[in-house]
Amino acid sequence: MIKLQLIGNLGGDATTNIVNGKQVINFSACHTEKWKDASGAQKEKSLWVSCAWWNDSQNITQYLKKGQQVYVEGIPDVRIYLNARSESIAQITMRVTSLNLLGSVAKKEDSGAPTQSSRDDINNPTTSDDVPF
């Protein structure tokens, strides 16, 4: 068994698509590591993962917005494709098996972003009779 775990932020709003009659929620998540090299210079490296979550609930997409911090785990894969300059590009993908919302999206005035209590209800569905997914 191979499992990938990622804590990161969404790069854009999630989208919902229908593939072969089944719903899939697609989003990309980025994890950035920061460190100092031997000379003390600050370094950072970001890793993007394209995620596909085969889920029948459309209600969760309202919470999967750009900047939202998430914990996702699932089965990883690597896809190779040619870009416009005919260069081979590797892309990490994940078939999501578990998703938890963490942190919060940077708040905008009247953004409709979920409150901490509504995020807790999503992460702990047993605390609410009205499960959003």
Side-chain angles (χ1 to χ4, degrees):
M1 172 201 259
I2 297 175
K3 180 165 78 169
L4 177 63
Q5 298 174 321
L6 169 75
I7 294 176
N9 296 83
L10 300 186
D13 294 352
T15 60
T16 303
N17 300 300
I18 303 295
V19 178
N20 296 329
K22 296 190 178 195
Q23 178 177 294
V24 60
I25 299 170
N26 296 105
F27 55 92
S28 60
C30 178
H31 173 75
T32 302
E33 284 197 46
K34 297 179 182 181
W35 72 94
K36 291 185 179 180
D37 66 10
S39 66
Q42 184 73 28
K43 300 283 187 176
E44 71 177 48
K45 180 178 181 178
S46 295
L47 178 69
W48 286 91
V49 177
S50 296
C51 300
W53 190 21
W54 296 86
N55 185 321
D56 291 333
S57 173
Q58 292 182 3
N59 294 337
I60 191 67
T61 57
Q62 68 183 323
Y63 300 108
L64 297 176
K65 300 295 183 188
K66 181 177 182 175
Q68 174 68 51
Q69 187 179 43
V70 294
Y71 166 81
V72 289
E73 65 181 51
I75 301 165
D77 196 8
V78 176
R79 295 187 181 156
I80 307 293
Y81 65 92
L82 293 176
N83 67 9
R85 295 182 300 245
S86 296
E87 299 168 325
S88 292
I89 304 294
Q91 178 183 35
I92 299 173
T93 63
M94 179 192 319
R95 184 169 42 113
V96 176
T97 57
S98 177
L99 174 127
N100 289 306
L101 301 177
L102 306 173
S104 63
V105 177
K107 294 193 178 190
K108 297 177 187 173
E109 203 62 35
D110 297 318
S111 67
T115 63
Q116 182 64 43
S117 64
S118 67
R119 280 193 302 274
D120 289 343
D121 290 346
I122 291 169
N123 292 331
N124 301 306
T126 58
T127 63
S128 172
D129 291 336
D130 186 24
V131 179
F133 53 92

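The analysis underlying the following values was restricted to heavy atoms, covering all of them including side chains, and did not include hydrogens, waters or symmetry mates. Please read these numbers as outputs of a predicted model, since none were measured by experiment.
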If only atom types and distance count, is the side chain of [X] paired as donor or acceptor with the main-chain N or O of [Y] below 3.5 Å?
{"X": "Glu33", "Y": "Ser46", "answer": "no"}
{"X": "Asn9", "Y": "Gly67", "answer": "yes"}
{"X": "Thr97", "Y": "Glu73", "answer": "yes"}
{"X": "Asn26", "Y": "Ala52", "answer": "no"}

- Within residues 90-102 or reaching into it, pairs that qualify as salt bridge (charged side-chain N to carboxylate O under 4.0 Å, His left out) - sequence neighbours excluded: none

Would you compute the distance between atom [atom1] of [X] and atom [atom2] of [Y] and round it to the nearest 0.5 angstrom?
{"X": "Tyr63", "Y": "Leu10", "atom1": "OH", "atom2": "CG", "answer": "14.5 Å"}
{"X": "Met94", "Y": "Ser28", "atom1": "CE", "atom2": "OG", "answer": "11.5 Å"}
{"X": "Ile89", "Y": "Arg79", "atom1": "CD1", "atom2": "CZ", "answer": "15.5 Å"}

Nearest heavy atoms of [X] and [Y], plus distance in Å:
{"X": "Cys30", "Y": "Thr32", "answer": "SG-OG1, 3.7 Å"}
{"X": "Ile7", "Y": "Tyr71", "answer": "CG1-CD1, 3.6 Å"}
{"X": "Leu101", "Y": "Val70", "answer": "CD2-CG1, 3.9 Å"}

- Message: Tell me which one of Thr61, Val49, Thr15, Val72 satisfies side chain to side chain contact (heavy atoms under 4.5 Å, CB included) with Phe27.
- Response: Val72

- Derivation of the side chain to side chain contact (heavy atoms under 4.5 Å, CB included) call for Asp13 and Lys65: CA-CA 4 Å; Asp13 294 352; Lys65 300 295 183 188; 3.6 Å; yes

- Check whether more than 12 heavy atoms from other residues, nucleotides or ligands sit under 6.0 Å from atom CD1 of Ile2, and answer yes or no. no

- Apply the test side chain to side chain contact (heavy atoms under 4.5 Å, CB included) to residues Gln91 and Tyr81: give CA-CA distance (whole Å), side-chain angles for both, the deciding distance (0.1 Å), then the verdict. CA-CA 8 Å; Gln91 178 183 35; Tyr81 65 92; 4.1 Å; yes

- Path from Leu47 to Leu99 over hydrophobic side-chain contacts below 4.5 Å: yes

- Note on the structure: Apart from Trp54 itself, members of its ILVMFWY cluster (side-chain separation under 4.5 Å) are Val19, Val24

- Message: I'd like to check Thr93 versus Cys51 (side-chain heavy atoms, cut-off strictly below 4.5 Å). Are they in contact?
- Response: no

